[in-house]
Asker: 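Below are the structure tokens for one structure; questions will follow.
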Amino acid sequence: MERSVSRTGKHAATRIVVVVRASGRVEVYSRPTRQSVAAKTYSRGYAGAVDVDLGPGDVLVVVRLVRGPSGRVSGAFSVVDSEGREVLRAVYRRLKVRLSRGDPSYSWAVERAAAALGLDKYIRRYNWGR
């Protein structure tokens, strides 16, 4: 979990955790539940950790977004299954989400997380093919 801004304010980094439960419920964690030794990317802001219990069929999506000096946002989506394995990684650049590695059958989790965060209006296209 992170939300930090550079000293000049031109760069910003955000890391948010989204849990998609097997029942279809979506939980968004944008604030850390405990402070940790994890360093933040930029000098101003906070970083921490969140404790989440995943049941069978639950999926965790870690969303990392970075805003550069020109205002362009890029980032990555990492999908972790209930056993703690990263099963999909997708990158977000130029209003497109593209599969980087992993199983594309978990692409629904990325789309649900983007919709829960309100990012779907900033995504023009999804590319889940190889």
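When reading the values below, keep in mind they use all heavy atoms of this one structure, side chains included, and skip hydrogens, waters and symmetry mates.
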Asker: Should V28 and V59 be counted in the same cluster of Ile, Leu, Val, Met, Phe, Trp and Tyr side chains packed under 4.5 Å apart?
Answerer: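 Same cluster.
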
Asker: Apply side chain to side chain donor-acceptor pair (under 3.5 Å) to S6 and list each qualifying residue two or more places apart in sequence or on a separate chain.
Answerer: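 Partners of S6 by the side chain to side chain donor-acceptor pair (under 3.5 Å) criterion, ordered by chain and then number, come out as T8.
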
Asker: With ILVMFWY side chains joined below 4.5 Å, transitively, what does V66's cluster contain besides itself?
Answerer: Y42

Asker: Just by modelled atom types, is the I123 backbone N or O under 3.5 Å from a matching donor or acceptor in the D120 side chain?
Answerer: no

Asker: Only pairs at least two apart or in different chains count here, so list each salt bridge (charged side-chain N to carboxylate O under 4.0 Å, His left out) that has a residue in residues 45-69.
Answerer: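 Every salt bridge (charged side-chain N to carboxylate O under 4.0 Å, His left out) pair that includes a residue of residues 45-69, provided the two are not neighbours, is E2-R64, R21-D58, R34-D51.
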
Asker: Do L54 and V110 share a hydrophobic cluster, counting only Ile, Leu, Val, Met, Phe, Trp and Tyr and linking them when any side-chain heavy atoms are less than 4.5 Å apart?
Answerer: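 No, separate clusters.
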
Asker: With hydrophobic residues grouped by side-chain heavy-atom distances under 4.5 Å, do V20 and Y29 end up in a single group?
Answerer: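 No, no single cluster joins them.
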
Asker: If you define the side chain from C-beta out and look only at heavy atoms, does anything of L60 sit under 4.5 Å from V52?
Answerer: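 Yes, their side chains come closer than 4.5 Å.
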
Asker: Would you say V26 and V19 make side-chain contact, with heavy atoms under 4.5 Å?
Answerer: no

Asker: Applying side-chain hydrogen bond (donor to acceptor under 3.5 Å, both in side chains), which residue pairs with at least one partner in residues 106-116 are found, sequence neighbours left out?
Answerer: E111-W128

Asker: Side chains of residues 88-98: which donor-acceptor partners sit under 3.5 Å, not counting sequence neighbours?
Answerer:
residue, atom, partner, partner atom, Å
R89, NH1, S78, OG, 2.8
Y92, OH, Y122, O, 3.0

Asker: Report the residues that fulfil side-chain contact (heavy atoms from CB on, under 4.5 Å) with P56, sequence neighbours left out, ordered by chain and then residue number.
Answerer: none

Asker: I'd like to know if V73 and V5 are part of one continuous hydrophobic network [Ile/Leu/Val/Met/Phe/Trp/Tyr, side-chain heavy atoms within less than 4.5 Å].
Answerer: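 No; tracing contacts between hydrophobic side chains, which count when under 4.5 Å, never links both residues.
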
Asker: At their closest point, which heavy atom of S82 faces which heavy atom of G57, and how far apart are they?
Answerer: OG-N, 4.0 Å

Asker: Between V50 and V63, is there a shared hydrophobic cluster once you connect ILVMFWY residues whose side-chain heavy atoms come closer than 4.5 Å?
Answerer: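 Result: no, two separate clusters.
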
Asker: Nearest heavy-atom pair of G102 and P104: which atoms, and what distance?
Answerer: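 Shortest heavy-atom separation between G102 and P104 comes out as O-CD, 3.4 Å.
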
Asker: Would a 4.5 Å heavy-atom cut-off, applied to side chains only, mark F77 and L119 as touching?
Answerer: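 Answer yes - side chains close enough.
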
Asker: Which pair of heavy atoms, one from D103 and one from S105, lies closest together, and at what distance?
Answerer: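 Of all heavy-atom pairs spanning D103 and S105, the closest is OD2-OG, 2.7 Å.
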
Asker: Which of these, V18, V87, V62, sits in a side chain to side chain contact (heavy atoms under 4.5 Å, CB included) with V79?
Answerer: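 Testing V79 for a side chain to side chain contact (heavy atoms under 4.5 Å, CB included) against V18, V87, V62 leaves exactly one candidate, V87.
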
Asker: Could you tell me the separation between the CE atom of M1 and the OG1 atom of T14, rounded to the nearest 0.5 Å?
Answerer: 9.5 Å

